[in-house]
Amino acid sequence: MNLFDYTRPASVAEAIAAAQAPGAAYLGAGTNLLDLMKGGVVTPARLVDVTRLPGLDRIEFLDDGGVRIGALVRNSDLAHDPRFAKTYPAVAEALLAGASAQLRNAATAAGNLMQRTRCPYFADATSPCNKRAPGSGCAAIGGATRLHAVLGWSEHCIATNPSDFCVPLAAFDAVVEIEGAGGRRAVALVDFHRLPGDAPERETDLAPGELIVAVRLPPEAAGFSAHARYLKVRDRTSYAFAVVSAAAGLRLNGDRIGEARLALGGVALKPWRAREAEHLLAGQAPDPDVFRKAADAALAGAKPSGEANVFKIELARRILVRALTLAAAGTPERLPALPASPFAAPFAVPSPSPAGAAHG
Amino acid sequence: MIPLRLTVNGTVREVLLEDPRVTLLDLLRERLHLTGSKKGCDRGQCGACTVLVDGRRINACLALAVSLDGASVTTIEGLADGDALHPVQAAFITHDGFQCGFCTPGQIMSAVGLITEGQAGTDPERIREGMSGNLCRCGAYAGISEAVLAAQGAGDGAAIREDAA
Amino acid sequence: MAEIALTSAPQRARHGSSMGQPLTRRDGPLKVTGRATFAADNVADGTLHAALCVARIARGRVTHLDVAAAEAHPGVVAVMTPDNAPALAQHPDDKPHGFIFRLDLLQDSAVRYANQPIAVVIAETLEAATEGARLLSPRYEAETPRIGLDAEPPFTPPGIGVGQPPEETHGDVEAGLAAASRRIAATYETPAQYHNAMEPHAAVASWDGDRLTLHTPSQGMSMAQGRLAGLFGIAPENIRIESPFLGGGFGSKGLISGPQILACMAARLVGRPVKLVLARAQMYGPVGHRAETRQSFRLGADDAGKLTALEHETLTASSRFDDFFEPAGGVSHTLYASPAIAVRHQAVRVDTGTPLFMRAPGEASGSVALESAIDEMALACGMDPLEFRLANYAEVEPISGKPFSSKALRECYTRGAEHFGWSARPRAPRQTRDANGLLVGWGMGTATFPALMFEAQAKAELRADGTGLIETGAHDMGQGAWTALGQIAADGLGIGLDRLTFRMGSSDLPNAGIAGGSAHTATAGGAIHAAGQAVIAQLADLATNDSASPLYGAGNAGFVARDGRLFRRDDESRSEAYSDILARAGRASLTATGKASTDPAAAKTYAMHAHGAVFAEVKVDPDLGQIRVTRLVGAFAAGRIVNPRLVTSQYYGGMIWGMSFALHEHAAMDARTGRFLNDNLGEYHVPVNADTPAMEAILVHEDDAHVNALGIKGVGEIGITGSAGAIANAVWHATGIRVREIPITLDKLLG
């Protein structure tokens, strides 16, 4: 890890001032930043420790029915906040599907938004990577691409965003509150992360020195609490990044879908909101045919970024159908033992003998 | 020099750090000579370095020591009460929840954290999920889960394996 | 000193014999309190930290290292490169005898694989050493690496594994295939895997003149001592290796690796103690791995489902510069009866580190392929997989024709199948779903691993106070040597464990050989037993020649040593306490040595293997492909069981490795650069706790009078075999999809 200047400001204003220095980076829990520094992927000249900034570690349920999540709220505290989990079950499920208990105890809400791609070529400081070293090329193209993007990629970068948390946040119109030298502003989460285009080094909407101070969910987000799920397909049962994931929320009007929210994870460099699919679902009965059509619409623009990720397009369709099916069935009373897992159902029940099992 | 004050296993430790890069894990191991916490990956991917910071389990390898000024840290060395093992430690022995023992301090600290968090209770599946941040290459997971169950007063932990047959 | 201070008595000890008891681990209290000292836990003031700089190309040479930048970093003491590395007495590529591997010890600028050490930075702090290594910013003259099994035309290596013949045949395979009424041909691939012991290789080295003290994890201290002695040109007895605990080895610590020796060189360069611990990524290259294989089968069977031919051809890879060829075909020598068997191995050379033994070398890779092929053949014959295996049960070792020294495999099949409920299995695939709609599949595999013996020595001492001492330089990498060998030691001396001092884990003790090949308990235990017997024989001599002893003149009757007393074998009412015998003889203590090794006569006469049967249930999401193993039942027969608690844990661990083999492990490498894409524990997946199924290990009783004096076969590796194949077969049974490229991942099941 490179030598750096360490500073621990006492206020947001001081932090922002300290971060104006070239090469400065904000240090939250450090679960991603220190990992990258140890790999020599990033070499900040200054770390501005924001972990003690006052007032940023609160979950505020707002009078308008929304919620404001302070930038420093730890992932596990948010997921286990009873009111938050009850109101935003898909968000809680996504949080608990991410990383490990130890990492969730440390990692912050803002840090989750800022986590970098898991593309192995990005993580290898000696490989060409337009994101890490602009103009050097993309080593992933033509390389090992099983987990790379199928939506929104460019010839300059085919990486994906690894966040679970951000997927339901995108679905439920979360807003990122940002403070910088020029004052405070807000940006929709779906606009916060950027697609690679020809400048994959610009990953978010943040200007240099700007600091995330909160993430807000608008009042409408609470309207999906009865039918909201997050589902994540992984290469092992836990402690693995998503191959593909999906957040689905439904507001039902009698036997019809009043409004649907859908987003995919693991498919693009940003959490992928599927608005066309949502429009298709509105007003329809929640049945498998409808779900399949919506999934087809969501993936209409998909194309593999390598032979090895062709399967992700079909997998993404299927996970959308499943997430919608689960959401339609209703949010479970308690978060499942294996959050967001296809194996979320209680696993300790006796395995049925073939004689007594349904044949299908 | 960065002055740092930590309470480690109940004892206040004042440290002058000449280098801000020192992680909590390296501080414990190389400077305070508390080598019970292990370094298996140094990247938050194995859990061998799990300690409690202000009562919560975290990966000590991904925390800068300077950032934790004022915190209270509990390591494996601080768990037993003299010669009397903590119930989780005793349960790991009884249930053979380890082989080589390298991941064991992290497993045990993680189990103590898990029990404190109160989310898993005696549901074997929640215990397995809650302990999934601690890799064990020897594959002692059955014993680990049994030990966690047993330490919570759920008998001998046999519920974990009852559905094998 | 390598001796355990017991802080609590092992639980469930009963009076009398120690062997066979399910004692808890004697090192348990140390391990659960953080006081078990692994190599990197040796911290002493004045010790410097070293960090490796490793190559980021796979083939070529280093043209520049920015030594000045590293040296300018605060805290950096020295940079060791080929320009200033201490001279060695022997080139590390020399092979003065057979069982020695080439090492990269900064002799020149050549790069032979990615992650090869190319420099070492030594500093006052770990932080400075690590950053110093980064600041070296190597530049290279890179050549295009050759990677993968199709890198070049294959050749037949002169020997595979530890020198077994690459081809073994019996009968006429073509004739057998021609005579068959059913035939299958199938090719399976297994990937490169890395041991990834939780403890990274570590070394704390210090020199006192020409004497070296080295704290480092080792599965073979004596061989390490010999290697170091050759390289540094010093006598082996001038080298002391301390290895009381290994944080897992799995073969990667069997032979001392280059980085561990670089720590010794660094300490010599700077004249101070040096600690070097590998970063996780640096364990992908210089410390060995399990090589990839491509295994092609042709099988034929007659109308009764009896094999008429079995052909097993393996293609594997070794490094460009050294020889280790994965002996994957070995399982086909021994497992199924067939009038015609042909086993062949070929290899290519690639630009990777040299592969090495990894838990169940050969058998693990071979078993997953063979058990899959056997399942495919059973299906082709319209037979249940268990029925088919029983129809082809080998009553004698198929190629050699030797009888088995013991083989309780039939009982393993029976008991495993009963516990699992195998008889309810529908024959056809994709027939069963659980209440949640998940596909359910059942599969099985046969487990097998040879019962080996190496060479070991031990020393025993009986003291007048009734206590005893056993010393042997054994290694505990998690299998439980401190406990199991302690049990053998206590019984060997005929005393309780509470009266025993047991020392191991240091090269100053008698050579206990190598902890590998699942042979350590049998070999080191055999030496301990022999030493105990020798000292008891001395004691008996004293007693039978002493007219004051109740045992006087009973020399021909033979004795039983138990609880600190010597009993007449034919009349246990006549006995005497050790302390009384020694006191009258005026002896403070008696000492003796013992050794153990292969009995050549038994090895010539018998085939000696452990066996088992593993049954697996998996669930697969029918749409998303995600796989979970939900039940694993293994029944194993491995001769005498010294400690059933520890043996059960070994089987569980092996079965989880089998699951890992079938579903998870895969070292991904960019074929263009030869660099790894997942040289970490986040993306090189091994199972986590949530992957762990409900498990059962059944210990099937087996007596073996031939395998060695104690009748022990070894249990450390057999659990992987059978399990990986059982899981692969269960995935097929759940889905109807036969995945022949291991690991089986969800993308391969989407249809």
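In what follows, every heavy atom counts, from backbone to side chain, and hydrogens, waters and symmetry copies are set aside. Small disclaimer: the values here were computed from a predicted structure and weren't measured. Here is the naming used below: chain letters follow the sequence lines, and residue numbers restart at 1 for every chain.
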Query raised in the report: For B:Cys138 and C:Tyr652, what are the C-alpha separation, side-chain angles and deciding distance, and is it a side-chain contact (heavy atoms from CB on, under 4.5 Å)?
Result: CA-CA 9 Å; B:Cys138 297; C:Tyr652 283 170; over 6 Å; no
For [X] and [Y], work out which heavy atoms get closest and say how close.
X        : Y        : value
B:Cys100 : C:Phe38  : O-CZ, 3.3 Å
C:Arg645 : B:Asp96  : O-OD2, 3.7 Å
C:Leu126 : B:Asp26  : CD2-OD1, 3.6 Å
B:Thr94  : C:Thr24  : CA-CG2, 4.3 Å
B:Arg137 : C:Asn196 : CG-O, 3.3 Å

Main chain of [Y], side chain of [X]: is a donor-acceptor contact present, judged purely on distance under 3.5 Å?
X        : Y        : value
B:Lys38  : C:Gly34  : no
B:Ser132 : C:Ala690 : yes
B:Arg29  : C:Ala40  : yes
B:Gln99  : C:Ser649 : yes
B:Tyr141 : C:Pro687 : yes

Counting heavy-atom pairs under 4.5 Å with chain B, which one of [options] comes out on top?
options                                : result
C:Gly654, C:Gly480, C:Pro200, C:Gly248 : C:Pro200
C:Leu681, C:Val688, C:Val32            : C:Val32
C:Glu683, C:His195, C:Glu418           : C:His195

Between [X] and chain C, which part of the residue has a heavy atom less than 4.5 Å away: side chain, backbone, both or neither?
X        : result
B:Arg43  : neither
B:Leu135 : both
B:Glu18  : side chain

Query raised in the report: How long is the span from the CG atom in C:Asn42 to the NE2 atom in B:His33, to the nearest 0.5 Å?
Result: 11.0 Å
Query raised in the report: Is a salt bridge present between C:Arg280 and B:Asp42, judged by a nitrogen-to-oxygen distance below 4.0 Å?
Result: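 Looking at B:Asp42 together with C:Arg280, the answer is no, because their closest N to O distance does not fall below 4.0 Å.
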Query raised in the report: Does B:Arg128 pair with C:Asp691 as a salt bridge, N-O distance under 4.0 Å?
Result: no
Under 4.5 Å from any heavy atom of chain B - which part of [X]:
X        : value
C:Phe615 : neither
C:Thr125 : side chain
C:Thr47  : neither
C:Leu278 : neither
C:Ala197 : backbone
C:Met198 : both

Report task. State, with a plain yes or no, whether a side-chain heavy atom of B:Leu85 is found less than 4.5 Å away from one of C:Thr33. Result ->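 Yes, side chains in contact.
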Query - Residues B:Ile76, C:Lys31; criterion side-chain contact (heavy atoms from CB on, under 4.5 Å); working and verdict - result: CA-CA 10 Å; B:Ile76 191 73; C:Lys31 285 182 173 173; over 6 Å; no
**Report entry** From B:Leu32, B:Thr35, B:Leu34, residue fulfilling side chain to side chain contact (heavy atoms under 4.5 Å, CB included) relative to C:Val43
**Finding:**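 Only one of B:Leu32, B:Thr35, B:Leu34 forms a side chain to side chain contact (heavy atoms under 4.5 Å, CB included) with C:Val43, namely B:Thr35.
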